[in-house]
Amino acid sequence: MTPQTAPAESATGSATPAPGPRPVRALTGAGLAVLLLAYLPVNMTFGSVNLLEPAIVTDLGVTVSGGQLVLSAYTTAFAATLVVAGRLGDRYGRRRLLAAGAGTFGVASVLAALAPNLVTLVALRAVLGVAAGLFTPQVLSTIQATAPERLRTLGVTLFAAVSGIATVTGQLLAGVVAQTAGDHWGWRLVQALTGAIGAAALLGLRTVPESRSTAPLALDLRGAALLGTGLLLVVVPLTLGTSAGGPAPVLAMLAAGGSHPA
């Protein structure tokens, strides 16, 4: 063995082992609570806006199909982002993606609450969907990768429970606020509140350990872009119907979306 390839030796003559990978800090109960708090607004915003759609239509002076577009912008962007978000967390760090997604979600929620027209609101709802899709896989992946066995089982169970609880809570909250604040302020206050929950989770993010995969899979950005485009070409015409300018544009977009290459 040449001097260049021999391991370093200490003063006693024993070989000094090469430094290994930095151990991942274990997830604690406090960290799990922060993860679940971050996940709460994802379905909460869907449930609340679903109930408040008539108020949005009245406040912004748009058609019912325009109100439906507010809903579909969020769900479509969310679904398209999920395709690649998990691999992004594996490669660049799950807590880092969680922070970026939750932070963007909080800011976009507040801006959506101030939206002056339908176009602005739909665009911001799409940003919300992307942000939610970005950090949702990081919540479950962090639980799976860093929690001790007993806490992992509890965490996965609570993750599933929060999904349903958040939807119902969002609808109940929306109903109470809408009755109290009226059409103009009701949906805006609920939208801002979901952003505040995301911001609160960011304050406790230091309790969540950073983790990433030692062998991350390749990113399929082209596939994600194609899926997003295909979903857009299908969802928009189904949402707008003949208000998009008659049946011809609708049928053309549906045909393009259905035949989009995978």
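Side chains included, hydrogens not; waters and symmetry mates left out as well; all remaining heavy atoms used.
Partner Val139 forms a side chain to side chain contact (heavy atoms under 4.5 Å, CB included) with one of Val42, Val208, Leu35 and no other, that one being Leu35.
Note that the CD1 atom of Ile143 and the CZ atom of Arg94 stand 11.5 Å from one another [nearest 0.5 Å]. In this structure, CE on Met44 lies 4.0 Å from CD1 on Ile197, to the nearest 0.5 angstrom. In this structure, Asn43 CG and Asn50 CG are separated by 11.5 Å, a value rounded to the nearest 0.5 Å. One finds the OG1 atom of Thr58 at 10.0 Å from the CD atom of Glu53 (value rounded to the nearest 0.5 Å). To the nearest 0.5 angstrom, Leu40 atom CG is 9.5 Å from Thr167 atom OG1. For the atom pair Leu205 CG and Glu210 CD, the distance stands at 9.0 Å (nearest 0.5 Å).
Under the 4.5 Å side-chain criterion, counting only non-hydrogen atoms from C-beta, Thr136 is in contact with Tyr39. Under the 4.5 Å side-chain criterion, counting only non-hydrogen atoms from C-beta, Val168 is in contact with Leu172. Leu140 is listed as a side-chain neighbour of Val156, based on a closest heavy-atom distance under 4.5 Å. Arg125 is not listed as a side-chain neighbour of Val122, based on a closest heavy-atom distance of 4.5 Å or more.
Ring centroid separation for the pair Tyr74 and Phe46 does not come in under the 6.0 Å cut-off.
Nearest heavy atom pair, residue Asp59 against residue His184, reads OD1-ND1, 2.8 Å. Pro41 approaches Gly198 most closely through the heavy-atom pair CG-N, 4.0 Å. Here the closest non-hydrogen pair linking Gly133 and Thr81 is C-CG2, 3.8 Å. Smallest separation of non-hydrogen atoms from Leu27 and Pro209: CD1-CD, 3.6 Å. The shortest non-hydrogen separation linking Thr207 to Arg25 is O-NH1, 3.7 Å. Heavy-atom minimum distance, Arg91 versus Arg212: O-NH1, 3.5 Å.
Cluster annotation: Val57 and Val190 are assigned to the same hydrophobic cluster (Ile/Leu/Val/Met/Phe/Trp/Tyr, side-chain heavy-atom contacts under 4.5 Å, transitive). Note on Val62 and Leu51: separate hydrophobic clusters, where clusters join Ile, Leu, Val, Met, Phe, Trp and Tyr whose side-chain heavy atoms are under 4.5 Å apart, directly or indirectly. Residues Leu124 and Val70 do not share a hydrophobic cluster, clusters being chains of Ile/Leu/Val/Met/Phe/Trp/Tyr side chains in contact below 4.5 Å. Both Leu151 and Leu37 are assigned to one and the same hydrophobic cluster, defined by single-linkage of ILVMFWY side chains at heavy-atom distances under 4.5 Å. Connection of Leu71 to Leu173 is established within a shared hydrophobic cluster, with ILVMFWY side chains joined at heavy-atom distances below 4.5 Å, either directly or through further cluster members.
Within the 3.5 Å criterion, the main-chain N or O of Gln191 finds a donor-acceptor partner in the side chain of Thr194. Checked by atom type and distance alone, the side chain of Ser163 never pairs as donor or acceptor with a backbone atom of Phe159 at under 3.5 Å. In this structure, Gln138 contributes its side chain and Ala99 its backbone to no donor-acceptor pair below 3.5 Å.
Taking Val107 as the reference, Leu111 meet the side chain to side chain contact (heavy atoms under 4.5 Å, CB included) condition, with sequence neighbours excluded.
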#### Entry: CA sep, side-chain torsions, deciding dist, call: Leu121, Ile56, side chain to side chain contact (heavy atoms under 4.5 Å, CB included)
CA-CA 10 Å; Leu121 181 58; Ile56 295 173; 3.8 Å; yes
